[in-house]
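First up is the structure itself, then whatever we jot down about it.
Just so it is clear: chains get the letters A, B, ... in the order the sequence lines come, proteins before strands, and each one is counted from 1. The structure presented is a predicted model; accordingly, all values stated were derived computationally and were not measured.
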Amino acid sequence: LPVAPETEDEDKNIQLVENYLRNFYKLETDKQSHFKNKNVNSLTEKLEEMQAFFGLKVTGKPDVDTLEVMKKPRCGVPDIGQ
Amino acid sequence: YVLTDGNPKWERKDLTYRIVNYTPDMNSADVDKAIQKAFKVWSDVSPLTFKRIYDGNADIMMSFETGDHRDNSPFDGPDGLLAHAFQPGNGIGGDVHFDEAESWTKGSNGYNLFLVAAHELGHALGLSHSTDPGALMYPTYSYTEPNEFRLPQDDINGIQTVYGHSDNPVQPTGPTTPVTCDPKLTFDAVATMRGELLFFKGRYFWRKHPQMTEVELNFISLFWPSLPSGIQAAYENVERDQVFLFKENKYWVLSGYELVYNHPKSIYDLGFPKNVKRINAAFNDKNTGKTYFFVGGKYWRYDENRQAMDQGYPKKIINEFRGISKNVDAAFQNGRYIYFFIGTRQFQFDPNVKRVVSVMKSNSWFNC
């Protein structure tokens with residue numbers, strides 16, 4: 001069956017968040033994890049770290065403002081610990 | 001600013017660079033100029049010098065690469081990752097890679113090579129990403145007109161922490177990023193736009209919805225790449241759904257976030273005499289359709305319906321707006337009041353009783 005557009009968007013966003021935090025904030029996850037297992041805390045912490053770095057409201061959640069920053073063109077060097 | 005973990009740095013001050021290949025997006029002379037200008041950004045504020053070599057190994061090797069280019073940091077095609085650089089060191093250390101999948105330019109379209117190169121060189125010299133949104137070393141791309149570019153103070157502080165001061169007798173200084181809740185904050189211009197408030201300061205503006213607590217600081221160039229920094233006066237004509245921005249003797253017209261004309265117009269077309277070189281502040285009275293322009297200690301009144309200055313102006317500000325002296329920085333109308341900004345203070349003026357009814361800090365709208 002085709003995936004509902006909103007589910008598709010949500011999956012894309014989850015992927016975006018995980019990739020972003022893995023690339024720039026040293027998030028370590030196994031690829032199956034998403035938000036539903038033992039790595040949730042780590043992901044939340046990394047998300048908070050990212051939000052603090054960019055001066056966003058620190059919610060630990062991938063809100064609209066956070067996703068907007070993650071979609072911006074940027075330098076490939078990590079924001080923490082090269 | 002943030003230094004790279006472990007504080008890596010070049011031990012020599014005289015460094016070499018090499019442009020290994022070119023992008024087909026630009027002609028090679030423009031690439032050379034952009035790269036040379038990017039090096040100058042850092043050599044102007046530090047004791048470092050950079051000499052170009054044309055073959056062999058340079059300290060900083062600069063190249064355009066595509067996708068996985070075997071350095072364990074693959075590029076991702078158009079947008080997203082634009083470039084990366086390696087911290088000072090031997091071999092790949094100090095090298096700069098640009099993603100060839102981007103559209104590289106010398107202007108505002110695509111990605112400006114000079115701006116990205118200058119950022120990457122910061123990494124090649126030992127700087128990490130800064131949390132200062134105005135810094136060159138901030139991680140995300142934002143466009144600044146290259147001819148207007150000045151290295152921000154945050155980056156100057158960073159590079160000088162690593163390598164010491166410039167050899168120049170006069171130490172260069174750079175622009176600082178305004179702090180929203182700084183009690184000494186002043187504004188260049190303030191205007192309403194479709195229910196929001198826009199506060200202009202240098203190359204930045206804040207966007208604020210009166211009913212929301214959040215306030216957003218942006219580069220002017222992010223929304224309007226062709227607008228200059230340092231807007232001096234602004235007002236909204238609600239009837240025409242247009243915002244007018246003034247700098248020196250020119251003005252630009254916006255409709256929402258679009259520029260109405262590609263080129264600025266002259267303030268003399270509005271009826272100002274030639275001895276007026278700039279406008280300090282402006283606001284439009286929604287009730288009468290009259291726009292008030294403040295210049296020094298005087299003001300002009302413009303009739304938006306007739307598209308002409310009213311007769312009998314300029315008049316002294318103090319005569320109509322008791323309590324408001326000269327040197328108004330910014331003004332706007334909200335509800336029944338007019339708000340005048342003078343230095344760090346804001347005067348709430350009630351035109352019905354013709355007096356100031358409240359004095360506040362200039363940034364009172366920011367819920368500090």
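Taking NZ of A:K72 as the reference point, atom CG of B:L222 lies at 6.0 Å (rounded to 0.5 Å). Distance check: A:C75 SG to B:M137 CE gives 6.5 Å after rounding to the nearest 0.5 Å. Atom CD1 of A:I80 sits about 9.5 Å away from atom OG of B:S128, to the nearest 0.5 Å.
Among residues 96-114 of chain B, the residues having any heavy atom closer than 4.5 Å to a heavy atom of chain A are, in sequence order, B:Y111.
Residue A:K71 does not touch chain B at all, counting heavy-atom pairs closer than 4.5 Å. Within the 4.5 angstrom heavy-atom criterion, only side-chain atoms of B:E120, from C-beta onward, approach chain A. Only the side chain of A:F24 comes within contact range of chain B, judged by heavy atoms closer than 4.5 Å. Only the backbone of B:S130 comes within contact range of chain A, judged by heavy atoms closer than 4.5 Å. Both the backbone and the side chain of B:T131 come within less than 4.5 Å of a heavy atom in chain A.
The shortest side-chain heavy-atom distance between A:P78 and B:H129 does not fall under the 4.5 Å cut-off. Inter-residue side-chain proximity for A:R74 and B:H119 is flagged as unmet; no heavy-atom pair is nearer than 4.5 Å.
Summarising the geometry of A:F53 relative to B:P139, their closest heavy-atom pair is CE2-CG, 3.5 Å, with the distance given to 0.1 Å.
Relative orientation of the B:Y138 and A:F54 rings is perpendicular, given thresholds of 30° and 60° on the angle between their planes.
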